[in-house]
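Notes for the one structure printed next.
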There are 2 protein chains.
Amino acid sequence: MSRRNEANDPDEQAFLKEYRAEDFPRLSVTVDVAALSTHDGSLWALLIKRQNHPFQDSWALPGGFVQMAESLDQAASRLLAEETGLKDVYLEQLYSFGEPQRDPRTRVITVAYYALVAWRQLQHLQSEGQTTLMKLDVEWSGETGGPIHLLDHEGTRQPIAFDHADILGMAVKRIRGKLDYVPIGFQLLLPRFTLRQLQEVHETILDRPLNKDSFRRRMLASGLLEATGEREEDVGHRPAELYRFTRYSAI
Amino acid sequence: MSRRNEANDPDEQAFLKEYRAEDFPRLSVTVDVAALSTHDGSLWALLIKRQNHPFQDSWALPGGFVQMAESLDQAASRLLAEETGLKDVYLEQLYSFGEPQRDPRTRVITVAYYALVAWRQLQHLQSEGQTTLMKLDVEWSGETGGPIHLLDHEGTRQPIAFDHADILGMAVKRIRGKLDYVPIGFQLLLPRFTLRQLQEVHETILDRPLNKDSFRRRMLASGLLEATGEREEDVGHRPAELYRFTRYSAI
DNA sequence: AAAATAGTGTCTATGAGACACTATAGT
DNA sequence: ACTATAGTGTCTCATAGACACTATTTT
């Protein structure tokens, strides 16, 4: 971040004293987080059932108001932790949504974030009734974009609050594009993983099969993987080598 | 956009009537636009000299407050037109900046946009004193990212207001990444252009030389170019074919 | 031994870079 | 004719996909 370079100008001090923030339009800013995971060949998102109007009983992303003294990143991290208990996950700003009527209560602009979480890290959350994991039904291929649908465990479509279907669609579009040149697949796996598991994560995100040989070569040539010398256990076939990410980001 | 699906629930109507927006934190939201162009092997940005504190006499991006009834995209388009006269340009949301102290007056979150404008379209603006074009000095290569510096026509560094050096840096990073798979180069050229001009735009954005043969093949194979049958004139060497973009976005 | 997946070696197709060559304008 | 750049043809090299083959575990 660049920093201010004229902080002690007395002229400026006088100006700031006279400045009245109320003279300019002020509106609400929220942060919403699309926390995504992969499991069983599908993308899943963490959602919260709305208890109140508007969109009562619809499903919404965890999120809330940005406080006056916190940055947007801090707000995203705080709100995700407060509403779902998730901490220390890969979190990145996605896009800001600001259609005037997106919230019927008042003008609210939301800065959307997405998080990538290993499925195993979500298992203990699933028991708590407040937050639920739901499968994403993406009707478009590639990076076309557009809203997605939510499917419950029986495969029934569930209603989504506000424009959160657009936010989730944007998150899917973003991670599909990013997967080609940034190793985000690791964020969806435990620290030690097999190449097959990594390939499954990629195939789930991209929603298309990948060539096994080429995928192996590409990953090993990337220099981002490190063989641990350990192997899978109890797998009913030849066990695969376990790898780790050499620059496993602590976040 | 998804739309609301429960608009006439009387219970919800009652709820909305009781809702008081003042009960929640409200802050200022602005939109800032990094309008970029290419010329003479460099990237240029459109800047406005600040007349008032804070950052008096520093250079700032065109921008301003989002009005209550307009979308973010509309605000970006309106503010760019109001402050620079530019209309109908390629405009896309970039990133939202919300460090608590980024504006010393009050808490302001800005949704940054970037615009791509052909150099020729900027020529008539240059005479007006209020807005100025300045060369971008990007100290990092590739998509590393980071703030940039402004250079005036004599090559002297100029001060940048707020965190606008970060916004400009983010814009450069974004268009470098996007150039590989989205044909944004056309936005920086007139409707008819030669392959050499298109290559120069790419080289300027990426800040590295590109292979001529490979570039030609790639562009012609993309299916996005259409030969017009016309040729350059008065060029002092064999004139090149003029091409047009087959899906020239009207925006 | 059978089943299942891990992992290797090799051939081929494709695209990028390099380079030599021809083409066509102005001077 | 000379200069400068446009545009073509071809060779090589790197990488992805395809496929055959071997390796190693559980049952």
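Residue numbering restarts at 1 for every chain, and letters A, B, ... go by the order of the sequence lines.
- Between A:R231 and B:T194, the one whose closest nucleotide on DNA chain D sits nearer the 5' end is B:T194.
- Remark: side-chain polar atoms of A:Q93 are not paired, donor with acceptor, to backbone N or O of A:D73 under 3.5 angstrom.
- The nucleotide range of DNA chain C contacted by chain B, defined by atoms under 4.0 angstrom from heavy atoms of the protein and reported 5' to 3', is C:dA16 to C:dG26.
- Among residue pairs with one or both ends in residues 201-219 of chain B, those qualifying as side-chain hydrogen bond (donor to acceptor under 3.5 Å, both in side chains) are B:Q199-B:E203; sequence neighbours excluded.
- One distance of note links CD of B:E83 with CG of B:L46; it measures 10.0 Å at 0.5 Å rounding.
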*Hey, mind stepping through A:S96 and B:S96 against side-chain hydrogen bond (donor to acceptor under 3.5 Å, both in side chains) and telling me if it holds?*
CA-CA 7 Å; A:S96 294; B:S96 295; 2.4 Å; yes

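- Within 4.0 Å of B:E241, counting heavy atoms only, lie sugar-phosphate atoms of the nucleic acid but no base atom.
- By the 30° and 60° cut-offs, the orientation of the rings of B:F186 relative to B:F245 is parallel.
- The backbone N or O of B:L242 lies less than 3.5 Å from a partner atom in the side chain of B:T228, making a donor-acceptor pair.
- Contact check of residues 204-223 of chain B against DNA chain C (heavy atom, cut-off under 4.0 Å) returns B:N211, B:D213, B:S214, B:R217, B:R218.
- Side-chain atoms of B:W59 do not come within 3.5 Å of backbone N or O of B:Q158 as any donor-acceptor pair.
- A:E232 comes within contact range of no nucleotide atom at all, as no heavy-atom separation falls under 4.0 Å.
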*Just the dot-bracket of DNA chain D, please: which string comes out with Watson-Crick or G-U pairs under 3.5 Å, [ ] for crossing, | for another strand?*
|||||||||||||||||||||||||||

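- Taking B:E92 as the reference, B:Y90, B:Y114, B:R174, B:K178 meet the side-chain contact (heavy atoms from CB on, under 4.5 Å) condition, with sequence neighbours excluded.
- The aromatic rings of A:Y95 and A:F97 lie perpendicular to each other, with more than 60° between the two planes, well past the 30° mark.
- Not counting sequence neighbours, A:E233 has no partner by the side-chain contact (heavy atoms from CB on, under 4.5 Å) test.
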